[in-house]
Each structure stands twice: as structure tokens, then as C-alpha cells.
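A, B, ... follow the sequence lines: proteins, then strands. Residue 1 opens every chain.
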There are 2 protein chains.
Amino acid sequence: MIDDPVISRTDRTRRAILEAAYTLFISQGYAATSMRQVAERAGLALGSIYNHFASKEDIFSSVLIDRHPYHQILPHLTEARGNTMDEFVRDAASRLVDELEKRPEFLNLMLIELVEFKGKHAPLLFEKIFPDIQILIGRMAVFQDDLRPIPLPMMIRAFIGMFFSYFLTGLLLKDLMPPAMQENSLETFVNIFLNGIKQPSQAENELSTHSSTPETL
Amino acid sequence: MIDDPVISRTDRTRRAILEAAYTLFISQGYAATSMRQVAERAGLALGSIYNHFASKEDIFSSVLIDRHPYHQILPHLTEARGNTMDEFVRDAASRLVDELEKRPEFLNLMLIELVEFKGKHAPLLFEKIFPDIQILIGRMAVFQDDLRPIPLPMMIRAFIGMFFSYFLTGLLLKDLMPPAMQENSLETFVNIFLNGIKQPSQAENELSTHSSTPETL
DNA sequence: CCTACCGATCGGTAGG
DNA sequence: CCTACCGATCGGTAGG
């Protein structure tokens, strides 16, 4: 064979199909995307797709597995650095939000899976991301002494949930929220989370602006 | 006229269409639901729908406005009671999660709006729910002295986000998560949130199990 | 990998 | 409010 044996012609075509389908799914949803659109974007005839995938849903589940947001986000989190709990959480939060803001589209994949497939591919997915979660838990364990007695997996779930929803609410409401609802909002979320998980003895350094009364409304 | 003038025949038909469309949209998504399915479920001929709605999207935006989850959830939150901050937040959290668990479907409406319409109806919606948010902010203001200096709207955003995502992650991963990720998980979320927003002086009562070391992994 | 086709179904409308 | 229809498009396949 003359061609690169590592990336065969078949592989390249298969990837082109997945790439095209990914782009179309996230911008239109699954049901609203036609196989003809996928074919055109991938540069082949409609019929040719079926040499690589058995059906439309087969394409979707393949896209889901190798483009799922968790898969892109968790590795960034496992790279988070910091000498203290505060630094680590801040670094992780800003990596997470950066990544989400850089590619807001790929959240759609997860939402499509939820709405149009009722989460039926979730087991497949969880299997894939579990190792990353284990790594993340391991990295957090270093700071055990600074933490309240909360199971680490629960904390990670709370962390991801909190900042995912920070991003989602911002996305949905960005032009509509009253200013008080968005000023320094990431910093505020980080502080709520940090105070929520840290041992009370450490909780005071720099995070609480002590005597001032809360802003009204 | 013999018929009840308050609920006219036209009104009843219109409602039947909205009810049918709502049920179908949340279970299949928007694009995957056909006007013929809506007509059949509402008990009329396809053509008749167009006497009440201009288009399929017109039906969707009408459904979105009067069935949106926020609209059903925020009133429950404004009814939350409690003499202390802790009681109030616990009551609100359990109301929110109860409501979500009672009707997990209606989250789909919001997700469909996000995926298939990219949030284009959000302004319309926000206008409708803003009064409820104001009420909620007012009720929280009673506890100002127990709170860290965080703008109240930010706190509400954090609250809703945290427990929405608690629900979502539970829904997606319920059978897959390691046990440590779900035991007493709502209670843990509530505690993280409470410790995150309370003044440190009050933060200690009952919430922190002081000396024990965190569970590993 | 393509051409040409299948039956089914789509959103929407005319005309009454 | 219904019947009957429009042109367009759907996922998928046969056959080469």
C-alpha cells in the first residue's frame, strides 16, 4: 500500500462524516439534520455514508462518544494547578469556563442526547470519562485537610454542576439579567463554592469582606 | 350565546392543541414532532390547526411561554418558609427538587429552546418570570444579616443553578455513579451552598462535623 | 463510492 | 372545522 497505513482512506472518510455530522447536529439538533446535509458537507454522495455507518443514529452515537464535552473539559480540569485550595479551585473554575466559552456549541451535544435520546447513550459515555474523574479526585485529595468532610466525588459533582450552570444561565440570559445578577459573577460563584467546601478556620482569609452589609436588591 | 363565555370553544381547541404539542415536544423534541401528530392528539384535522396558529414555530413559542419550567418552579420557591436562613434554604431546595422530580419532563422544554432555537425566545420568557424573581429576592432579604455580602440576585442564580444541575447530573447518571457520588447528595449540596453564603459566625452551627477527616476517594 | 430510485412523511394551503 | 391536495424532503437501499 502506498497510503499512510495509520490513517487509511476509509478512516479519513469516516472522520469527514463525523466532523460534518458534529457541526450540523450542534447547530440544528439531531432530527433537524438530514443525511443529505451530512453527505454534502462531508463531500460524498448520500449512499456512500452507509458504507461507513449503519444508520443516522449510529452516526450520532459515534459523534457523542468522541466529541462529548466532558471528554474535552475533564482533561483541562485535571491539569489545573495551585499550591493552595483557593488557587486550585480558581484555576480549575477559570479553565472550565474558558473552555465552555471557547466552544459553547459542544454543550449542545449533551443537550441533544438528553432531549432527543433521553440519555440512552449515557452508560457508554460514563465508562469513557470515569478515568478522568478518578484523576481529578486524586488531585483534590491533596487538599483534604483544608476541606470540610464532604465525599470528594460529591464535591466534584457540585463543582462541575455549579459552573456548568453558571455558564448556561449566562448564555441564556446574558442580555436580560439585571446588572447585579452578572457583575463579577464568576468570582462570586467561586467564592460561594470555596466557602462552601473549606474548613471554617481557613475560610476567612481574603474571602469575606467582613463588616459591610449586603447590597440591597 | 349558550356556551360559557369565559372558556369559548375556540379557547378550548387552542388549549387542546397546546396540550398535545407540549406532550409531544417534551417527549420527542421539536423537529421530530409533526403537525399531524399534534392534530391527531388534539382531536382535529391537520388543516384546522392553522385556524389557531400561524405555524409550527408559533405553537412552540406559545407552549414555551405558558409551560416553561421557571414558571412552575419559581412560584414554589416564593412559597418557601423558614424562621432561619438554614430552614428557608432547606425548604426551598426540597421544594425545587421535589418539583423537578415530579415533572422531569418539563426541563426538556428549556433544553429544546436552547438546542433547536438557540435561545431566541429567551427575552420573551425573561419578561414573564422577572416578577417572581423579584418576590424571591424580597423574601431572601429578611436574612441579610446572616449572609455574606453577596448581591441577592447572584445568590438566587447560584441557588437555582446548583440545584438544577444537582437534578440534571442525577438524572443523567443515576445508575452509573459510584455510591459516594450520590449518598445523601441533596443534603451535601444544601450544606455546600449554605456554608457558601452564610456569615462565618453562624456557619458552624450543626453544619460542620468538625474533627473527622474527609472520606477518601 | 455513485446514480437513481423506493415509499413515507413533512409543513402548509385551497376551497368549501 | 374538514378533505384533499401541493411540492419538497426524509432515511435508506439496489445495483453496479
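- The pairing partner recorded for C:dG15 is D:dC2, the criterion being a Watson-Crick or G-U wobble arrangement whose two distances lie under 3.5 angstrom.
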Evaluate ring-ring contact (aromatic ring centres under 6.0 Å, His included) for A:Phe163 paired with A:Phe159, printing each intermediate quantity in order.
CA-CA 6 Å; A:Phe163 293 97; A:Phe159 175 84; 4.9 Å; yes

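- Note: A:Tyr30 and A:Phe25 have tilted aromatic rings, judged against thresholds of 30 and 60 degrees for the angle between ring planes.
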Taking protein heavy atoms under 4.0 Å as touching, what does nucleotides 5-16 of chain D look like 5' to 3' if B marks base contact, S marks sugar-phosphate-only contact and - marks none?
B----BBBB---

Going through the distances and angles, do B:Phe130 and B:Phe126 end up as a ring-ring contact (aromatic ring centres under 6.0 Å, His included)?
CA-CA 6 Å; B:Phe130 193 68; B:Phe126 193 75; 5.7 Å; yes

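- D:dC10 is paired with C:dG7 under the criterion used here, namely a Watson-Crick or G-U wobble arrangement in which both key atom distances are under 3.5 Å.
- Distance A:Leu44 CG to C:dC2 P: 5 Å, rounded to the nearest Å.
- Of the candidates B:Arg157, B:Met140, B:Arg139, B:Met140 is the only one forming a side-chain contact (heavy atoms from CB on, under 4.5 Å) with B:Leu152.
- Atom CD of A:Glu127 has 12 or fewer heavy atoms from other residues, nucleotides or ligands within 6.0 Å.
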